[in-house]
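Encoded as structure tokens, the structure appears first; notes follow it.
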Number of protein chains: 2
Amino acid sequence: MQNPLISKLEKHGPLSEEEKEVLQRITARTAIFEPREDIVPEGSTPSHSSLILSGFAMRHNHLPDGRRQITAIHVPGDFADLHSFLLKTIDDGVSALTACRVAFVAHKDLRDVTRNFPHLTRALWLTTLIDGAVHRVWMTSLGRMDARERLAHFLCELRDRLDSIGLVRDDSFELPLTQADLSDAFGLSTVHVNRTLQELRSDGLITSTGKVLTINDRKELRRIAQYNPDYLHIDQKLERD
Amino acid sequence: MQNPLISKLEKHGPLSEEEKEVLQRITARTAIFEPREDIVPEGSTPSHSSLILSGFAMRHNHLPDGRRQITAIHVPGDFADLHSFLLKTIDDGVSALTACRVAFVAHKDLRDVTRNFPHLTRALWLTTLIDGAVHRVWMTSLGRMDARERLAHFLCELRDRLDSIGLVRDDSFELPLTQADLSDAFGLSTVHVNRTLQELRSDGLITSTGKVLTINDRKELRRIAQYNPDYLHIDQKLERD
DNA sequence: CGCTGTCTTGAAAGGACTCAACGCCGGTGG
DNA sequence: CCACCGGCGTTGAGTCCTTTCAAGACAGCG
């Protein structure tokens with residue numbers, strides 16, 4: 001299968017053969033992580049960044065008193081901690097949600113990329129900027145939407161992100177988060193997540209069987225969430241020189 | 001006065017004379033904005049990024065139904081929308097909180113920087129990564145802290161950011177946000193912000209007279225907020241080659 | 001088969017919200 | 001020069017969304 005990072009970056013515009021070779025080369029070192037395993041521990045200072053090749057992962061922040069906030073969900077093709085390249089210490093850790101195949105990209109190699117491949121550098125920078133845009137939308141969700149809207153919004157977002165990498169069939173996709181995870185992602189209690197999901201189900205908007213979620217009425221779900229996918233910048237074009 | 005962008009980047013490590021000249025040159029075009037004026041309208045596609053030279057600004061997202069979330073506060077030296085360089089369309093607009101002097105940096109010039117100055121490119125990239133780190137902490141605040149903790153946390157953060165650019169005297173600094181602004185930044189109602197501020201005041205933690213805020217008991221304020229300034233990466237060093 | 005993690009349900013409590021009104025102050029226009 | 005106005009901060013009261021606590025059901029697993 002094609003390297004999911006290359007596929008993702010190519011959505012932003014064509015890459016040269018040389019650039020693809022570089023990407024292929026620097027993502028050659030891989031490892032497998034089991035569900036719930038730490039990929040990048042909170043507070044660590046890794047010498048490489050972790051690229052998700054397959055599986056789902058999440059980023060999370062812990063308060064000293066133990067409360068937890070999930071700050072991002074990562075899918076294949078996502079760099080879970082490209083920011084550690086320049087930020088050095090990881091404020092928020094990364095853990096596997098499902099079994100994950102991960103490529104370790106040495107910071108040294110990223111440095112070489114920034115020295116010799118301006119276009120690739122901009123493409124990688126772009127991915128971190130999109131991360132930021134998603135963060136801001138999550139902030140809006142956390143700050144200004146109620147539980148029902150938050151969950152609806154998240155499901156719309158995840159669907160579109162998974163769809164862009166071919167992991168959606170008939171509006172069904174894998175959702176490997178427990179209700180406790182969802183509650184930590186959306187600032188709710190597990191009890192309330194449970195009740196809100198039941199509400200969405202009984203309104204006929206979604207169906208969920210185990211770890212697979214189906215959106216039955218995407219239009220209505222989008223309306224509830226006031227969802228507009230532009231912020232994902234999935235096809236954002238990046239000019240070459 | 002020294003260009004505040006140069007000062008800020010120099011905190012991450014020395015810049016060459018040539019790099020400083022470049023920065024000086026590309027930030028030469030400036031403009032003044034009045035309080036409440038839009039610096040970058042939501043939804044626009046600017047051909048330059050806006051650097052705050054003096055004054056305070058904010059970034060904000062609007063939901064279609066009008067609810068608003070403030071996603072960042074910007075102080076001198078901050079690029080309010082460096083991300084528009086690669087993201088093109090602005091999801092969240094930028095407005096002046098006080099009168100602002102702003103430098104417009106042409107995206108064309110940024111492109112040249114990414115072509116010819118790898119170190120400067122990394123330094124600029126770093127600033128957007130720090131933005132992201134701050135976003136994630138705000139998410140944690142919005143998702144998992146109560147009103148008192150959120151406000152305490154924000155005041156600790158703003159103090160440290162202003163302190164790093166010399167705008168704090170005896171733990172006093174300018175806070176040009178109305179209570180309505182604060183409520184949109186922290187996902188609260190204005191009424192509740194008002195009551196929470198009163199509580200912080202009557203506990204002797206802060207004093208506020210008009211637009212100036214004083215922290216009287218920083219240690220206790222930090223304790224309440226479980227505040228740790230590492231995520232601001234203010235002195236994060238960036239190696240040269 | 002028992003354990004453990006996850007999902008579900010009920011009931012009561014509470015933090016934050018809405019609505020509504022009032023005071024204060026600086027700006028402005030007659 | 002002063003009355004009017006709008007923005008902002010403040011206060012009270014009632015409501016509601018969400019939480020907490022507690023316990024039971026269910027399913028996967030060793």
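These numbers were taken from a predicted model, which means no experiment stands behind them. The basis for the numbers below is simple: all heavy atoms, side chains too, and nothing from hydrogens, waters or symmetry mates. By convention in this document, chain letters (A, B, ...) are assigned in the order of the sequence lines, proteins followed by strands, and residues within each chain are numbered from 1.
- Where R144(A) and T190(A) meet DNA chain C, the nucleotide closest to each residue was compared, and T190(A) sits on the side nearer the 5' end.
- The phosphate of dC7(C) (OP1 or OP2) has no side-chain N or O of Q198(A) nearer than 4.0 angstrom.
- Across the protein-nucleic acid pair, N194(B) atom CG and dC24(C) atom C1' stand 13 Å apart, rounded to whole Å.
- Note: F154(B) and W138(B) have perpendicular aromatic rings, judged against thresholds of 30 and 60 degrees for the angle between ring planes.
- In this structure, K211(B) atom NZ and dC25(C) atom C1' are separated by 12 Å, rounded to whole Å.
- Taking atom CD of residue Q179(B) and atom P of nucleotide dC24(C), one finds them 16 Å apart after rounding to whole Å.
- Checked by distance alone, R195(A) brings a side-chain donor or acceptor within 3.5 Å of a matching partner on the base of dG10(C).
- Rounded to a whole Å, the CG atom of L151(B) is 16 Å from the P atom of dG15(C).
- Residue-level contact check: T178(B) touches the backbone only, with heavy atoms under 4.0 Å from sugar-phosphate atoms and none from bases.
- If you take CD of E199(A) and P of dT8(C), they are 14 Å apart, rounded to a whole angstrom.
- Under 4.0 Å is where a charged nitrogen must lie from a carboxylate oxygen, and between R148(A) and D146(A) no such pair does.
- Between the C1' atom of dG14(C) and the CZ atom of R148(B) lies a distance of 16 Å, rounded to the nearest Å.
- Note on R201(A): a side-chain N or O is less than 4.0 Å away from OP1 or OP2 of dT8(C).
- Counting only distance, with no hydrogens or angles, the side chain of T98(A) and the backbone of F56(A) share a donor-acceptor pair below 3.5 Å.
- With salt bridges taken as basic N to acidic carboxylate O contacts below 4.0 Å, one links R68(B) and D181(B).
- The backbone N or O of V40(A) sits nowhere less than 3.5 Å from a side-chain atom of S44(A) that would complete a donor-acceptor pair.
- In this structure, the NE2 atom of H192(A) is 18 Å from the P atom of dG14(C), given to the nearest Å.
- Nucleotides of DNA chain D that come within less than 4.0 Å of any heavy atom of chain A span, from the 5' end to the 3' end, dT18(D) to dC21(D).
- A donor atom on one side chain and an acceptor atom on the other are found under 3.5 Å apart for T27(B) and N3(B).
- In this structure, L197(B) reaches neither bases nor backbone, as no heavy-atom distance under 4.0 Å exists between it and the strands shown.
- Aromatic ring orientation, F33(A) versus F104(A): perpendicular (interplanar angle above 60°, classes split at 30° and 60°).
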